[in-house]
Amino acid sequence: MPRKDITPFSQAVYEATRLIPLGRVSTYGTIAKFLGKPRAARAVGNALHNNPLAPQVPCHRVVMSGGHLGGFAEGIKKKKKLLETEGVICKSGRVVNWSEIFFSFK
DNA sequence: CGTGTGACTCGGT
DNA sequence: GACCGAGCCACAC
């Protein structure tokens, strides 16, 4: 079974993202910090953008610090919709109840 | 091995 | 609140 070009760092990102409970969201920086590299937020973004495990990883639950949606491979609009489906309210590319649903892996 | 790129973050204006 | 510039990280070529 052919394994995709998953790098160790990317896989770590996917596993961390998988831990985000339904209805909650986290940030790239938070995930990076959880992995032990608080400065690797950018690298985290890259890993999720690659996203070969899309159906398995709730990458839509990951946004920028402050509650900004950030980006999404299928389109930021789709991300917004998915979040609303899980109970996360968004507005103008931003999460409304950010402080309520923020998840920091603790 | 050096360069370029991106779903980031922070601080200042 | 929005925009801009500089700093940081891992990865593909």
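Chain naming here is simple, since letters A, B, ... match the order of the sequence lines and numbering starts at 1 in each.
- Once you apply a 4.0 Å limit to the heavy atoms of chain A, the touched nucleotides of DNA chain B run 5' to 3' over B:dG6 to B:dC10.
- Annotation for A:Ile20 and A:Phe105: closest pair CG1-CZ, 4.0 Å, computed over non-hydrogen atoms.
- Whole-Å rounding puts the A:Leu48 CG to C:dC11 P distance at 13 Å.
- Of the inter-residue distances, the one linking A:Cys90 atom SG with A:Ile76 atom CD1 reads 8.5 Å to the nearest 0.5 angstrom.
- The shortest non-hydrogen separation linking A:Val95 to A:Ile101 is CG1-CD1, 3.6 Å.
- One interatomic measurement links the two molecules: NE2 of A:His49 to C1' of C:dC11, which rounds to 14 Å at whole-angstrom precision.
- How far NZ of A:Lys77 is from CG of A:Leu82: 14.0 Å, rounded to the nearest 0.5 Å.
- Within 4.0 Å (heavy atoms only), A:Ala43 reaches at least one base atom of the nucleic acid.
- One finds no salt bridge joining A:Lys81 and A:Glu84 here, because no Lys/Arg side-chain nitrogen approaches an Asp/Glu carboxylate oxygen to under 4.0 Å.
- Side-chain proximity of A:Arg94 to C:dC11, C:dA2, C:dC9: nearest is C:dA2.
- No contact: A:Asn50 has no heavy atom under 4.0 Å from any strand.
- A 6.0 Å sphere centred on CD of A:Gln11 holds no more than 12 heavy atoms belonging to other residues, nucleotides or ligands.
- Residue pairs meeting the side chain to side chain donor-acceptor pair (under 3.5 Å) criterion with at least one partner in residues 49-61 of chain A, sequence neighbours excluded, are A:His60-A:Glu86, A:Arg61-A:Glu86.
- For A:Ile6 and C:dA10, the CD1 to P distance is 17 Å, given to the nearest whole Å.
- Under the 4.5 Å side-chain contact rule for hydrophobic residues, A:Tyr14 and A:Val25 do not share a cluster.
- C:dG1 atom P lies 14 Å from atom CH2 of A:Trp98, rounded to whole Å.
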* Please step through side chain to side chain contact (heavy atoms under 4.5 Å, CB included) for the pair A:Phe103 and A:Thr30, ending with a clear verdict. => CA-CA 9 Å; A:Phe103 178 71; A:Thr30 301; over 6 Å; no
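- Within residues 13-39 of chain A, the residues approaching DNA chain C are A:Lys37, A:Arg39, by heavy-atom distance under 4.0 Å.
- When the side-chain nitrogen and oxygen atoms of A:Thr7 are compared with OP1 and OP2 of C:dC11, one or more of them lie within a distance under 4.0 Å.
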